[in-house]
Amino acid sequence: MTATRILVLNSGSSSVKYQLLDMRDSSRLAVGLVERIGEETSRIKHTPLAGGGESRELNGPIADHEAALKAVAAELAADGLGLDSPELAAVGHRVVHGGKSFTSPTVIDEKVLAEIERLVPVAPLHNPANITGIKVARGLRPDLPQVAVFDTAFHTTMPEYAARYAIDVATADEHRVRRYGFHGTSHAYVSRETAKLLGKAPEDVNVIVLHLGNGASASAVKGGVCVDTSMGLTPLEGLVMGTRSGDLDPAVIFHLSRVAGMSIDEIDTLLNKKSGLVGLCGDNDMREITRRMGEGDERARLAFDIYIHRLKKYIGAYYAVLGRVDAVAFTAGVGENAALVRQAAVAGLEELGLALDAERNAVRGEEPRLISANYARVAVAVVPTDEELEIATQAYALVSA
Ligand code: AMP
């Protein structure tokens, strides 16, 4: 029997998201989520998709990631999809930070694990959870290839002038301070799917990808290769996000420290968790913000305008970086669903060849689709992202090669 299944694991600090896929047809056999790991109120939601089974929910304390993955294994086994199956080809792990060294998906051995650990100082929130997920999965099936798919990998092609901050080179190099970028799996997938939608090869198109979820980033993809992206050393840089500020004058931090007496940790929390849309208007959900705007709420309107203004600036910047743009692609929770955001982001850019067809923009759907006006020089597309499928595809390509 050939092994064609990939288990994709996305391990966060208190959660594990998982999907089991069959790579013969990229179908999903099961999907699920373990939440609030380490709390009394942990929850596992498991949905078997192969036999059209019903979702199951289990509530009760799950102490740690090991217990969480064992619970996932038990749920899969109950559907005849256990981790002991010879059909399982590999586990694909989302790893947030791969630094400069990991430019492609990598089979995890001790050396690779040590390097991911070495990167913890630049990804203190994410890499430790990813490492735990890898170790626990390896414990459950030591014989199975564990593949790391890095959020940063797609951006390692950025030219040095885009990746470097204009600070002292020796200090930057000693502490590995540079722009890495994130959401790379999504940018890779969406830029490729956009080319497909245009009926062209990725090598032949230049795309601006706007990944607008709770976290948000833009990227400039030239002929299938990333040449710039808006997130930097950490996911804090760039666009206005659900709870992150995105770009600001770094001196804001000195000011808050010196004048407001805030500690570095307090400022970190302020900029990562209490800023962006939630800081501006108290809500980070774009549905709620547009609803409030409809009621004439000024704070929600200002938050929306700041969000759009930043987004427009990045579209303009990446237009200049690319020189020629074939398509702008919207993806992730906001990009796929918020027609008002797409309309506002593109409004006034007719001179750049960008114009929407209002009816197409209003249509909801699961499939990649064009929303630009027929006369527009640049295609505007909505391309639903699928990071799990991309992780599974990359992991499977590696182990089946
Ligand atoms: P993601 O991080 O990609 O899961 O995106 C989550 C975000 O997408 C939420 O915080 C919402 O702001 C946004 N979102 C989800 N559904 C909709 C919708 N129907 N309309 C507008 N925004 C949405």
Side-chain angles (χ1 to χ4, degrees), residues 8 10-19 31-33 35 45 47 94 96 125-126 129 151 181-191 193 209-219 229-231 234-236 238-246 272-295 297 299-308 310-311 329-346 356 358 360-369 371 381-391:
V8 176
N10 182 351
S11 308
S13 54
S14 66
S15 70
V16 176
K17 285 188 219 151
Y18 63 94
Q19 291 198 0
V31 303
L33 167 70
E35 290 178 293
K45 187 172 181 210
T47 309
R94 174 187 184 215
V96 168
L125 296 178
H126 296 102
D151 258 24
F182 298 88
H183 292 142
T185 321
S186 177
H187 287 284
Y189 176 82
V190 170
S191 57
E193 287 297 305
V209 178
L210 304 170
H211 177 112
L212 311 177
N214 197 32
S217 62
S219 69
T229 194
S230 61
M231 284 177 168
T234 77
L236 185 55
L239 299 173
V240 176
M241 311 184 207
T243 67
R244 296 188 194 117
S245 62
N272 272 295
K273 305 230 167 92
K274 298 182 181 168
S275 295
L277 293 171
V278 86
L280 288 165
C281 75
D283 271 309
N284 62 335
D285 192 317
M286 195 51 84
R287 282 165 289 205
E288 194 51 23
I289 291 168
T290 48
R291 190 193 61 74
R292 283 171 54 186
M293 280 160 58
E295 291 176 347
D297 186 318
R299 268 181 77 200
R301 161 57 68 183
L302 180 60
F304 182 86
D305 288 347
I306 294 170
Y307 183 95
I308 296 296
R310 185 82 51 85
L311 194 52
F330 286 89
T331 194
V334 175
E336 291 167 31
N337 296 298
L340 194 60
V341 168
R342 298 192 296 257
Q343 182 205 316
V346 170
L356 292 193
R360 287 176 194 154
N361 186 39
V363 174
R364 305 182 64 88
E366 304 282 302
E367 297 298 315
R369 57 197 183 273
I371 57 169
V382 178
V383 179
T385 193
D386 196 335
E387 291 169 275
E388 289 78 15
L389 174 60
E390 180 67 16
I391 291 171

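We count ligands from 1, going down the list as the structure has it; atoms in each ligand are counted the same way.
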Which atom pairs, one a donor and one an acceptor, fall under 3.5 Å between side chains of residues 279-291 and the rest of the protein, sequence neighbours left out?
| from | atom 1 | to | atom 2 | distance (Å) |
| --- | --- | --- | --- | --- |
| D283 | OD2 | R292 | NH1 | 2.8 |
| N284 | ND2 | N214 | OD1 | 3.2 |
| D285 | OD1 | R287 | N | 2.9 |
| D285 | OD1 | R287 | NE | 3.0 |
| D285 | OD2 | R287 | NE | 3.4 |
| D285 | OD2 | R287 | NH2 | 2.8 |
| E288 | OE1 | R291 | NE | 3.4 |
| E288 | OE2 | R291 | NE | 3.4 |
| E288 | OE2 | R291 | NH2 | 2.6 |
| T290 | OG1 | M286 | O | 2.9 |
| T290 | OG1 | R287 | O | 3.1 |
| R291 | NH1 | E295 | OE1 | 3.4 |
| R291 | NH1 | E295 | OE2 | 2.8 |

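D297 and R301 are not joined by a salt bridge, as no carboxylate oxygen comes within less than 4.0 angstrom of a charged side-chain nitrogen.
At a 4.0 Å heavy-atom cut-off, the residues surrounding ligand 1 are G213, N214, N284, D285, M286, R287, A332, G333, V334, N337, A338, R364, listed by chain and number.
Shortest non-hydrogen contact noted between F182 and T234 is CE1-C, 3.3 Å. Contact record, S245 with S275: N-CB, 3.6 Å, taken as the closest heavy-atom pair. Closest approach of S186 and T385 over heavy atoms only: OG-OG1, 2.7 Å.
Listed for the R310 side chain is a donor-acceptor partner under 3.5 Å among the backbone atoms of G238.
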